[in-house]
K.L.:
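Got a structure for you, written out below as structure tokens; questions coming shortly.
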Amino acid sequence: MDDTNKKIWRQRIGLYGGVLLMLVVCWVFIWAYRTITIRRYGADLTPKKQVESVQTPFFSMEDPAYAQLEMGQTGYTIGQQGSLLCALAMAAGAQGVQVDPAQLNLPELYEDNVYQVERIDEVPGLENAVFESYTSFAEDRVREILGRGEACLCRVLRDGNVHWLVITGTQEDAFLALDPAGDGQAQPLEEKVYVLARLVVDKG
């Protein structure tokens, strides 16, 4: 390769490298902007495509079998603030693992009055489970999780308190969600979502 061709290739590499760098910078900016926006204001999620519903068992916070159980040293009972435990039990059940909120309510999983969901694998029956959460997302993330045959967890705010729902499918222009504080019937998701999550259960 003569000097002229070498010069041309160096110019091309520099040009392509610059374009690639600009694309990476744009992607990082969009990701950061979306994360900050969702963290502050939440996101309205509307499905662009319909997906098949995921069969999901329902666990109510008000179930007398565990509603009065204290959640570590938080000062709350499952009946008061146990939406996450119920949502996790639903997500596990959707993948064929039978575990209820009482079984998830291990005292050792509470630190500084916060349930350490990343240690979900310490719960008997969920030894190979992993909890994944997303703070930057769009509606396609929900459809992706549902398409895997998993229920999708989402965190909303109610009266300033964190509350978890379980998205199980779609209906026309809305996602359908089970509410641990509801009656067990999936309802259109109308609240802003601040975090999406999935429970990956490895049964192998």
K.L.:
Is the shortest side-chain heavy-atom distance between L196 and L45 below 4.5 Å?
P.N.:
yes
K.L.:
Begin with the C-alpha distance, continue with both residues' side-chain angles, and end with the deciding distance and a verdict on side-chain contact (heavy atoms from CB on, under 4.5 Å) for Y134 and V195.
P.N.:
CA-CA 6 Å; Y134 311 95; V195 174; 6.0 Å; no
K.L.:
What's the shortest heavy-atom distance between L199 and A91, and which atoms?
P.N.:
CB-CB, 4.0 Å
K.L.:
Are the side chain of T77 and the backbone N or O of A67 linked by a donor-acceptor pair below 3.5 Å?
P.N.:
yes
K.L.:
Would you give the length of the straight line joining atom CZ of F131 to atom CG of L126, rounded to the nearest 0.5 angstrom?
P.N.:
12.5 Å
K.L.:
Going by ring-ring contact (aromatic ring centres under 6.0 Å, His included), name the residues that satisfy it together with Y115, two or more places apart in sequence or in a different chain.
P.N.:
Y110
K.L.:
For the pair Q55 (side chain) and T168 (backbone), establish whether a donor and an acceptor sit closer than 3.5 Å, ignoring hydrogens and angles.
P.N.:
no
K.L.:
Tell me whether E52 at atom CD has more than 12 heavy atoms from other residues, nucleotides or ligands lying less than 6.0 Å away.
P.N.:
no
K.L.:
According to a 4.5 Å side-chain heavy-atom criterion applied to Ile, Leu, Val, Met, Phe, Trp and Tyr, with indirect links allowed, do L69 and M90 form part of one hydrophobic cluster?
P.N.:
yes
K.L.:
Answer yes or no: is there a donor N or O on one side and an acceptor on the other, between the side chain of N128 and the main chain of V201, under 3.5 Å?
P.N.:
no
K.L.:
Salt-bridged, K192 to D44, with N to O below 4.0 Å?
P.N.:
yes
K.L.:
Would you mind reporting whether M61 and H163 have side-chain heavy atoms less than 4.5 Å apart?
P.N.:
yes
K.L.:
Any side-chain heavy atom of V193 within less than 4.5 Å of one from F137?
P.N.:
yes
K.L.:
Between atom SG of C86 and atom CD1 of I78, what is the distance when rounded to the nearest 0.5 Å?
P.N.:
6.5 Å
K.L.:
Looking at V114, is its backbone amide N or carbonyl O close enough to the side chain of D112 to form a donor-acceptor pair, meaning the two atoms are under 3.5 Å apart?
P.N.:
no
K.L.:
Quick test of your reading: applying salt bridge (Lys or Arg N to Asp or Glu O under 4.0 Å), list the pairs with at least one residue in residues 146-164, sequence neighbours left out, ordered by first then second residue.
P.N.:
E144-R148, E150-R198, R158-D179, R158-E191
K.L.:
Which of these, L109, V97, N105, sits in a side-chain contact (heavy atoms from CB on, under 4.5 Å) with V123?
P.N.:
L109
K.L.:
Is it true that the side chains of Q50 and T170 contain a donor and an acceptor less than 3.5 Å apart?
P.N.:
yes
K.L.:
For the residue pair I145 and A197, what are the closest heavy atoms and their distance?
P.N.:
CD1-O, 4.2 Å
K.L.:
Please indicate whether E70 has more than 12 foreign heavy atoms, meaning atoms of other residues, nucleotides or ligands, lying under 6.0 Å from its CD.
P.N.:
no
K.L.:
Can you confirm whether Q73 sits close enough to N113 that some side-chain heavy atom of one is under 4.5 Å from a side-chain heavy atom of the other?
P.N.:
yes
K.L.:
Can you tell me how far apart CG (L176) and CG (L189) are? Round to the nearest 0.5 Å.
P.N.:
9.0 Å
K.L.:
Any side-chain heavy-atom pair from L153 and L88 closer than 4.5 angstrom?
P.N.:
yes
K.L.:
For G72, does its backbone N or O pair with a side-chain atom of T74 as donor and acceptor, under 3.5 Å?
P.N.:
no
K.L.:
Provide the closest heavy-atom pair for P124 versus L106 in the form atom of the first, atom of the second, distance.
P.N.:
CD-CD1, 4.4 Å
K.L.:
Indicate the atoms forming the closest heavy-atom contact of E122 with E108, along with that distance.
P.N.:
OE1-CG, 4.5 Å
K.L.:
Got a donor-acceptor contact below 3.5 angstrom from the D63 side chain to the Y66 backbone?
P.N.:
no
K.L.:
So do L165 and L178 actually touch side chain to side chain, heavy atoms under 4.5 Å?
P.N.:
no
K.L.:
Any side-chain heavy atom of F175 sitting closer than 4.5 Å to one from E139?
P.N.:
yes
K.L.:
Please name the pair of heavy atoms, one in V54 and one in G149, separated by the smallest distance, quoted to 0.1 Å.
P.N.:
CG1-O, 3.5 Å
K.L.:
Are the side chain of E127 and the backbone N or O of G125 linked by a donor-acceptor pair below 3.5 Å?
P.N.:
yes
K.L.:
How about Q171 and Q187: do any of their side-chain heavy atoms sit closer than 4.5 Å?
P.N.:
no
K.L.:
Could you tell me which non-hydrogen atom of A94 sits nearest to which non-hydrogen atom of T56, and how far apart they are?
P.N.:
CB-OG1, 3.8 Å
K.L.:
If hydrophobic clusters are built from ILVMFWY residues whose side chains come within less than 4.5 Å, do V130 and V166 share one?
P.N.:
no
